[in-house]
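Here is the structure we will look at.
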Amino acid sequence: MCGALRASDSGKKAVLMGWVNRRRDLGNLIFVDLRDRSGVTQVVFNEERDAAIHEKASGLRNEYVIAVTGRVKQRDPNTVNKNIPTGEVELVAEEIRLLNESKQPPFLPGDTALTNEETRLKYRYIDLRRDVMQFNIEMRHKVALAIRNYLAGQGFFEIETPFMTRSTPEGARDYLVPSRVQPGTFYALPQSPQLFKQILMISGFDKYFQIVRCFRDEDLRADRQPEFTQIDLEMSYPQPERVWEVVEGFLAAAFKAAGHDIKVPFPRMDYDEAIRLYGIDKPDLRLPAFADVRDCFTAENLQELAINPNLPVIAIRTPRVGELSRKERDDIKPMFHAKGEAKLFEDFKRVGNKFPAAAAEIAKKAGMDESDLVVLVSGSALAGPQTALPAHRKVTPQELAIYASAGLLRLALAQKYADRHGIFAKTGDPGKDFRFVWVTNFPMFEWDEADKRWNAAHHPFTSPHEEDMPKLETGVELVSDPQSALSAVRALAYDVVLNGTELGSGSIRIHRQDVQRRIFRALGMTEEEARSRFGFFLEALEYGTPPHGGIALGLDRIVMILAGAESLREVIPFPKTARAVDLMVDAPTPVGERQLRELGIVVKK
RNA sequence: GGGGACGUAGUUCAGUUGGUUAGAACGCUGCCCUGUCACGGCAGAGGCCGCGGGUUCGAGUCCCGUCGUCCCCGCCA
């Protein structure tokens, strides 16, 4: 291989095959850097030694594929290239075979400036020859392999589930596959193998996993592709802690494969706590948490500032931002998008001028350093007192609006001043670079204001907390009431979060069909609807279902973080554009009339 | 569905207030060069300024539309 030769190989005969990465023609002396996935080796063609071969070498061009036979030679000390691992040797060519020519490529794998993504995606096979892409794809392989090995070692079976399955209109839009044999009917590609893996538990395969493609027909983002890969697993009889232990185990193995030693177990945090401290259910622990500084103000202060005394006042601290100009402080305002009654004091200094005592308290409570930026988010007094009683929920909807607005601003500020606080820069210390956290005890239901009904926050197969079952029972009578006890039902659901990215999401599932029916009912589904959508599953639950639970993690996102990439497209060999198009193969395309007729499909123009 | 950025040579970019023949670097072609490694030197080729329309004596530049790529919101149980 082109990256393998070392000084210890000098004198040996070697055959190297690869691409011409670069040619340096000095006249009677030609150097060719020969590249394959393992690296680059310099090949020398000397006219004095062999005029015929030298003549052949002068015809070589970038990206030609050649085979060179020659003798490995230790380089003179003054000609060693310290920048590459093979820099101490070179191959003195004795024979060369041109395996294939290349047209002039639109860009070269060795180019320093990155070509625009449209061209890269169209000529993906050239783009993938670049070092970075070779590295990312290799790392993806190693990470997946480490996970497979770990889970297999823990007694998990990798079991395949169908790609052509049944459409379940819950959740994301399905990709549909028309049936030719039964015109007018469609398979759906799985959004996840959720029901199959639960049925595998019912079938007695008590530890299942799969590294599996999933499909969701939703709009794309830098971290969202229509087809993506999940590390999906399920086990029988687990407590949540057992699932977490397995995930921590394979993540440790995966990060090890990428060269990082992470610490397990990961810290854990209640959903409500995450909201109160970070304003989001996927907190980035690298950044400081909120401080609730309401009690730093006197009642008169709050009134003068038109702050609602019943709602939290949140101090967002962004470290080491330094002195801001008037304009810079003004620029913060448009970064704030108020939900509910949230309002912003972007200029902490002005608050300090008016209320020095309160400001001093706040600085202390928020752990503020001289150079830190602090902004305050509070509830507007204009909104009046709270309407909902917070009795059965730690965070009320009004509070959530404040926390969530503050959470988004916190991230926007951290992003904007990333260069100044330097927190996102890699330190090489996995304890600082990779801040994992389990977020647990999600609410079971979320109120859908548009449809005036409750939705499953995770998915409808998630088990509620045993101790919240009575609330489910009373709540299920009030399925169209946003104040219903359903809002207080907690789910045995958990997310694993890394640096503010949700890596995976799982739960302990419902294994009793009476509970499952009740959940469907709480979601506003009639008995008939539930049966027509999930009848096969409800039936399966009736035949001796063991308690079970599991989780699914996004492999692409894990590799993306490990690669330090800004987009999933950097870790997926053949990704799609924001409009879900594959620019290389040019898909999707219209199909012929005949193909459509066979499928019984008429396309509306 | 909505908002924003971008589109000029094969590639990365520059292009002034609307004004003569649209530039640079890399790449490409040819010639020279025996220790280069992002080799160097000389010469040269290469442009539907995304596409369509409009304003104007005159448009790469201004306006409208459209297509494409990227980012964000909605959406993603």
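In what follows, chains are A, B, ... by sequence order, proteins preceding strands, each numbered from 1.
Using bins of under 30°, 30° to 60° and over 60° for the plane-to-plane angle, the ring pair Phe534(A)/Phe520(A) lands in the parallel bin.
Nearest to the side chain of Leu108(A), among G27(B), U36(B), U69(B), sits G27(B). The side chain of Thr115(A) lies closest to U11(B), out of U11(B), C72(B), G35(B). Comparing C37(B), G10(B), C70(B) against the side chain of Gln42(A) picks out C37(B) as the nearest.
A salt bridge does not link Arg75(A) with Glu88(A): every distance from a Lys NZ or Arg NE/NH1/NH2 to an Asp or Glu carboxylate oxygen is 4.0 Å or more. With respect to the salt-bridge test (charged N to carboxylate O, under 4.0 angstrom), the residues Arg61(A) and Glu101(A) do not qualify.
Residue contacts shown for Asn455(A) are absent, as no nucleic acid heavy atom lies under 4.0 Å away. Within the 4.0 angstrom heavy-atom criterion, base atoms lie near Arg75(A). Counting non-hydrogen atoms under 4.0 angstrom, Asp111(A) reaches nothing in the nucleic acid.
Under the Watson-Crick and G-U wobble criteria, each requiring two contacts below 3.5 Å, nucleotide C6(B) is paired to G68(B).
Sequence order on RNA chain B of the closest nucleotides to Pro105(A) and Arg221(A) puts Pro105(A) first from the 5' end.
Neither OP1 nor OP2 of C33(B) sits under 4.0 Å from any side-chain N or O of Asn28(A).
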